[in-house]
Amino acid sequence: MNALWITLLVVLVVALLLRWFRPTWYWMTFGVTFATVRVLIRYSSVMDACGLTVPPARWRLALARVTNRPPPEARSPRILRLRPTATGLVLRLKLRPGQDTFDFSASSDRLRHSFALHNVVSREIRSGVVELRMTGYDVLKRVRMPAAEPAEVLRVPVALREDGEVHHRDYREVPHALNVGATKSGKSVYQRTLVSGLAPRNVALIGIDCKNGVELAPLSARFTALADNPADAAELLAALVEYMGRVYELIRAEQRISVSLPDAEITADIWDLPAHLRPVPVVLLVDEVAELALAANKAEEVRRDQIVTNLVRLSQLGRAAGIHLEICGQRFGSELGKGITMLRAQLTGRTAHRVNDETSANMAFGDISPDAVLAAVQIDKDRPGTAVAGDSSGGWTRIRAPHTTLRQAVDTCNAHAHRTPSIPELEPFRPAVPVRVLVGKVQPKSASAPAF
């Protein structure tokens, strides 16, 4: 008997230690079993308490009256599948007639408390089927990205979502994006993670960092072009627009539309060109857009108009040429001058880190989702890197990027410096990578990739 109590005590201590130090291990060993039993036992009563049931059919009520039986109870959605995951449970439900997926999203907070889980997110799978993704613990407290899977060139894992899934920055689906947030909110860490994910891929990275290059200059070994002040940024954007025109000339020359040409070979962008002719895709990162839009005198105002005009032109025309924008800033409102709202309208992806006021959140999500605005304002200052990510469709989710140090990002860029392509129009803006001395020896600069 004493041995049994000692065993139970040891198991309890191990469970408590795992729950505190290794929540993933605790969930996989103890939590998933407890949560599954709890959900199945409480399911009917929770659905009824949350108003997610429908009255019994009339013929059932009539049959009960005829047979003098008690009236049947309200019907809950039918469980199609309950699947455990490494971070929680996935509950797939078949809706009853008259129910709507909005009812489940509106009741997600009540379901979270009723099932004693950390978070519940609902989404529609198809007509009449809704899926509840329930996390058993706070996956954003200690972000641990799963092992990287083989992915497309422009689909980069950058953060972890609150439902335990990986959040990808997919430039093929969302060509341009906006990233706003206050100081110390985690924008720089998010940007480093993005650059570190793009560095091993066949892309050209172009940076504009008007803080004298303090954020992007350490990563310059992997950048095809870099500007660290507004004057150079204006010339760099003009050269990028010139490069975009040359890419369109190539696409037009290779279309050769005729009766004998198969439909699969007709293209209006770079992705259907032959591999040996396809230009390398370009990702333009702007670290602080407000520095490009501010002007103190007439000369700077002319330069500012040129910069904004070229940014708008790239956002409107750049996708087919393989040019993608990643615009970062603390604020991105109409107070920055004319053309800014036109540029913002072209940025489909929206990511908002912690902001200091609701107006800043409205600049990112005000025209998309009021709920996302509220979620961005409520981000805790003690959790840097936490953000709300969404797009122009209105969907949004909370994410948190892993803490990528500047040293880690620099090492990644240096290791893949040989992948940096050369673009003739941007060659004057190629950053000068300092020679590194290792153990008394000079390490030469890596050779560049072939020019396009």
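This structure is a prediction, so every number in the text was calculated from the model and none was measured.
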- request: Assess whether atom CE of Met342 is packed by more than 12 heavy atoms of other residues, nucleotides or ligands within 6.0 Å.
  value: no
message: Show, in sequence, the C-alpha distance, side-chain angles and deciding distance for Asp209 and Lys211, and conclude whether the salt bridge (charged side-chain N to carboxylate O under 4.0 Å, His left out) test is met.
response: CA-CA 5 Å; Asp209 181 7; Lys211 292 186 293 187; 5.2 Å; no
query: For Thr404 and Val195, what are the C-alpha separation, side-chain angles and deciding distance, and is it a side chain to side chain contact (heavy atoms under 4.5 Å, CB included)?
result: CA-CA 10 Å; Thr404 303; Val195 173; over 6 Å; no
Flag side-chain contact, heavy atom, 4.5 Å: [X] against [Y]:
X      : Y      : result
Asp48  : Val46  : no
Arg201 : Arg419 : no
Leu111 : Cys50  : yes
Lys187 : Gln330 : yes
Leu117 : Arg38  : yes
Tyr137 : Val139 : yes

Reference residue Glu162; test salt bridge (Lys or Arg N to Asp or Glu O under 4.0 Å); the match among Arg400, Arg398, Arg383: Arg398
Determine whether a donor-acceptor pair (N or O, by modelled atom type, separation under 3.5 Å) exists between the side chain of [X] and the backbone of [Y].
X      : Y      : result
Lys94  : Arg78  : no
Gln378 : Ala375 : no
Ser220 : Phe223 : no
Asn414 : Asp411 : no
Gln99  : Leu52  : yes
His167 : Ala159 : no

About how many Å separate [atom2] of [Y] and [atom1] of [X], when rounded to the nearest 0.5 Å?
X      : Y      : atom1 : atom2 : result
Arg112 : Thr135 : CZ    : OG1   : 9.0 Å
Leu426 : Leu226 : CG    : CG    : 11.5 Å
His416 : Leu198 : NE2   : CG    : 11.5 Å
Ile206 : Leu285 : CD1   : CG    : 9.5 Å
Arg354 : Ser360 : CZ    : OG    : 11.0 Å
Leu160 : Lys141 : CG    : NZ    : 15.0 Å

- prompt: Do Leu80 and Leu93 pass the side chain to side chain contact (heavy atoms under 4.5 Å, CB included) test, and can you show the C-alpha distance, the side-chain angles, and the key distance before you say yes or no?
  reply: CA-CA 5 Å; Leu80 296 180; Leu93 305 175; over 6 Å; no
task: May I have the step-by-step check of side chain to side chain contact (heavy atoms under 4.5 Å, CB included) for Ile251 and Ile270, ending in yes or no?
output: CA-CA 7 Å; Ile251 296 174; Ile270 67 170; 3.9 Å; yes
- request: Would you please test Val121 and Leu132 for side chain to side chain contact (heavy atoms under 4.5 Å, CB included) and show each step?
  value: CA-CA 6 Å; Val121 177; Leu132 301 180; over 6 Å; no
Partner residues of [X] under the side-chain hydrogen bond (donor to acceptor under 3.5 Å, both in side chains) criterion, sequence neighbours left out:
X      : value
Glu165 : Arg133
Arg319 : none
Arg92  : Glu131

field: cation_pi(Arg278, Trp271) dist<6.0 Å, angle<=45
entry: no
task: Mark yes or no: Arg169 above the aromatic ring of Tyr171, with NZ or CZ under 6.0 Å from the six-membered ring centre and no more than 45 degrees from the axis.
output: yes
- request: Go through the side-chain N and O atoms of Arg110 and Ser107 and say whether any donor and acceptor fall under 3.5 Å apart.
  value: yes
- request: Over 60° means perpendicular and under 30° means parallel, so classify the ring planes of His353 and Tyr190, tilted if in between.
  value: perpendicular
- prompt: Taking NZ, NE, NH1 and NH2 as the nitrogens, is one of them in Asp170 or Arg172 under 4.0 Å from a carboxylate oxygen of the other?
  reply: no
query: Going through the checks in order, is the side-chain hydrogen bond (donor to acceptor under 3.5 Å, both in side chains) test met by Asn179 and Gln191?
result: CA-CA 9 Å; Asn179 181 13; Gln191 187 172 250; over 6 Å; no
